[in-house]
Amino acid sequence: SDLILLGYIAFLDPPKGSAAKAIASLKRSGVATKILTGDNALVTRKVCKDVALDAGEIITGDKLLGLNEEQLAELAEKTTVFARLSPSQKESIIIALQKRGHVVGYMGDGINDAPSMRASDVSISVDTAVDVAKESADIILLEKSLLVLEDGIIEGRKVFGNIVKYIRMGAS
């Protein structure tokens, strides 16, 4: 009984066309981009290359097993890309970064992203995400372009600056 290959199916979930520009603009605004994914390291490295993000050493979820809180926090600060993560590992990385004083935004669109979205300081999703991700999100992007992220950060900083000014004026 010889097996004959009749065909094959390939699944591709390419990054948004605006992702590379958005990552570069966020970097210019002082925002570090980190990738926390359940995908394997090979796929993750390819996507990072596609969006011009220097992946450096990719840390996989199995390397996080047995780390104490301090070790995880150090690794979370210095690592850009984590792959093969469980939803709870993603959440742990977010919490570790927060404990080190970082404000963490998390963008997700799937069921597995909900715990991380709830743990983050600002959670972002897209209009085409699953319902549980949209319900967990603080912000839902309605535009296709990720460049709106930089606009949102800039406007948020302006509003924060104005609030601080008014508080100072009112308190003086």
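Just so it is clear, the structure is predicted and the values come from calculations on it, not from any experiment.
- Note: L64 CG to Q71 CD = 10.5 Å, rounded to the nearest 0.5 Å.
- In this structure the side chain of M107 reaches within 4.5 angstrom of the side chain of L141, judged on heavy atoms.
- For the salt bridge (Lys or Arg N to Asp or Glu O under 4.0 Å) test, residues two or more places apart in sequence or in another chain that qualify with K46 are D50.
- In this structure, P15 and V47 approach most closely via the heavy-atom pair CG-CG1, 4.2 Å.
- The line from OG of S25 to CD1 of I154 is 7.5 Å long, rounded to the nearest 0.5 Å.
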Please list, one pair per line, the donor and acceptor atoms closer than 3.5 Å that link side chains of residues 37-45 to other protein atoms, with sequence neighbours excluded.
| residue | atom | partner | partner atom | Å |
| --- | --- | --- | --- | --- |
| T37 | OG1 | D39 | N | 3.0 |
| N40 | OD1 | L42 | N | 2.9 |
| N40 | OD1 | V43 | N | 2.8 |
| T44 | OG1 | N40 | O | 2.7 |
| R45 | NH1 | G56 | O | 3.4 |
| R45 | NH2 | G56 | O | 3.2 |

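- Between D54 and C48 there is no side-chain heavy-atom pair separated by less than 4.5 Å.
- By the salt bridge (Lys or Arg N to Asp or Glu O under 4.0 Å) test, K78 is found to be paired with no residue, residues two or more places apart in sequence or in another chain being considered.
- Put simply, the side chain of D127 reaches to within 4.5 Å of the side chain of K134, judged on heavy atoms.
- Using a 4.5 Å cut-off between side-chain heavy atoms of Ile, Leu, Val, Met, Phe, Trp and Tyr, with links allowed through other members, V122 and I140 fall into different hydrophobic clusters.
- With sequence neighbours excluded, the residues forming a salt bridge (Lys or Arg N to Asp or Glu O under 4.0 Å) with K99 are E69, listed by chain and number.
- The CD1 atom of I59 lies 4.5 Å from the OG1 atom of T79; values are rounded to the nearest 0.5 Å.
- Atom CZ of F160 is separated from atom CD of E155 by 15.5 Å, given to the nearest 0.5 angstrom.
- For I153, the side-chain contact (heavy atoms from CB on, under 4.5 Å) partners at least two apart in sequence or on another chain are L26, V31, R157.
- Note that OG1 of T33 and CG of L149 are 9.0 Å apart. Values are rounded to the nearest 0.5 Å.
- Under the side-chain contact (heavy atoms from CB on, under 4.5 Å) criterion, E143 pairs with V148, not counting sequence neighbours.
- Put simply, the side chain of R84 does not reach to within 4.5 Å of the side chain of D62, judged on heavy atoms.
- Here K49 pairs with nothing under the side-chain contact (heavy atoms from CB on, under 4.5 Å) rule; sequence neighbours left out.
- Grouped by direct or indirect side-chain proximity (heavy atoms under 4.5 Å, Ile/Leu/Val/Met/Phe/Trp/Tyr only), I23 sits with I35, V51, L53, I58, V81.
- The salt bridge (Lys or Arg N to Asp or Glu O under 4.0 Å) check on E135 picks up nothing, with sequence neighbours excluded.
- Between atom NE2 of residue H102 and atom CG of residue L97 there is a gap of 5.5 Å, rounded to the nearest 0.5 Å.
- Looking at S123, its side chain does come within 3.5 Å of a backbone N or O of D138 through a donor-acceptor pair.
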Let me have the donor-acceptor pairs involving side chains of residues 161-172, under 3.5 Å, with sequence neighbours excluded, atom names and distances please.
| residue | atom | partner | partner atom | Å |
| --- | --- | --- | --- | --- |
| N162 | ND2 | K158 | O | 3.4 |
| S172 | OG | R168 | O | 3.3 |
| S172 | OG | M169 | O | 3.0 |

I'd like a table of donor-acceptor pairs (distance under 3.5 Å, sequence neighbours excluded) in which one partner is a side-chain atom from residues 108-117, with atom names and distances.
| residue | atom | partner | partner atom | Å |
| --- | --- | --- | --- | --- |
| D113 | OD1 | K90 | NZ | 3.4 |
| D113 | OD1 | Y106 | OH | 2.7 |
| D113 | OD2 | D109 | N | 3.1 |
| D113 | OD2 | G110 | N | 3.0 |

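- The 12-atom threshold is exceeded at NZ of K34, counting heavy atoms of other residues, nucleotides or ligands nearer than 6.0 Å.
- With E77 contributing its side chain and E74 its backbone, the two residues share no donor-acceptor pair below 3.5 Å.
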* **Evaluation steps, side-chain contact (heavy atoms from CB on, under 4.5 Å), between E70 and R100** => CA-CA 10 Å; E70 184 64 26; R100 288 277 177 110; 2.5 Å; yes
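- Under a hydrophobic clustering in which Ile, Leu, Val, Met, Phe, Trp and Tyr are joined whenever their side-chain heavy atoms come within less than 4.5 Å, directly or via other members, L67 and I94 fall into the same cluster.
- Residues forming a side-chain contact (heavy atoms from CB on, under 4.5 Å) with S86 (at least two apart in sequence, or on another chain): S88, Q89.
- L75 and L36 fall within the same hydrophobic cluster, defined by Ile, Leu, Val, Met, Phe, Trp and Tyr side-chain heavy atoms under 4.5 Å apart, directly or through other members.
- I124 and V130 fall into different hydrophobic clusters, where Ile, Leu, Val, Met, Phe, Trp and Tyr residues are linked whenever their side-chain heavy atoms come under 4.5 Å apart, directly or through other members.
- Closest approach of S125 and A137 over heavy atoms only: CB-CB, 3.8 Å.
- Between I93 and L85, some side-chain heavy-atom pair lies under the 4.5 Å cut-off.
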